[in-house]
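Working notes, beginning with the structure itself.
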Amino acid sequence: MQRQGFIGGSATNLGPLRIHSIQCQSSAADGEVKIYDNTAASGDIKIHLKWGTAANEPLVMSFEGNGVRFETAAFVDVTNCDFVVAYYN
């Protein structure tokens, strides 16, 4: 899924941006989140998280300093994951 917002009533890619923290929860063992600096699941992976041995295990990750910079956009690819909440600016 691509990080988008509504600007002037139209869905628009959000980028550039900085992700400061992420909350997520596994839906099975080996929950995984990959966040690409792109508008699709290709190119540079800036954040790659893998966790959990069962469903419903939470993960909270903070990125110190200025966070992780995405020049183009933040495309989120999830596996065995119920949800991802990213805090960004």
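Heavy atoms only: backbone and side chains are in, while hydrogens, waters and symmetry mates are out. Source: prediction; values computed, not measured.
Within the model, atoms OG of S21 and CD of E64 stand 10.5 Å from one another, a figure rounded to the nearest 0.5 Å.
For residues 16-38, the set of pairs meeting the salt bridge (Lys or Arg N to Asp or Glu O under 4.0 Å) definition, not counting sequence neighbours, comprises D37-K46. Within the structure, side chain to side chain donor-acceptor pair (under 3.5 Å) contacts touching residues 78-87 (residues at least two apart or in different chains) are Q23-Y87, Q25-D82.
With sequence neighbours excluded, no residue forms a side chain to side chain donor-acceptor pair (under 3.5 Å) with S62. Applying the side chain to side chain contact (heavy atoms under 4.5 Å, CB included) test to I47 and every residue at least two apart in sequence or in another chain returns I19, I22, I35, L49, F63, V68, F70. In this structure N66 satisfies the side chain to side chain donor-acceptor pair (under 3.5 Å) test with no other residue, sequence neighbours excluded. In this view, A41 and Y36, F75 satisfy the side chain to side chain contact (heavy atoms under 4.5 Å, CB included) rule, not counting sequence neighbours.
Between the S26 side chain and the G52 main chain, no donor and acceptor come within less than 3.5 Å of each other. Checking side-chain atoms of T72 against main-chain N and O of N38 turns up no donor-acceptor pair under 3.5 Å.
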Handout entry: Verdict with supporting geometry, W51 and C24, side chain to side chain contact (heavy atoms under 4.5 Å, CB included)
Key = CA-CA 10 Å; W51 78 103; C24 37; 3.6 Å; yes

Practice task
Apply the test side chain to side chain contact (heavy atoms under 4.5 Å, CB included) to residues V33 and V76: give CA-CA distance (whole Å), side-chain angles for both, the deciding distance (0.1 Å), then the verdict.
Solution key: CA-CA 7 Å; V33 174; V76 182; 4.2 Å; yes

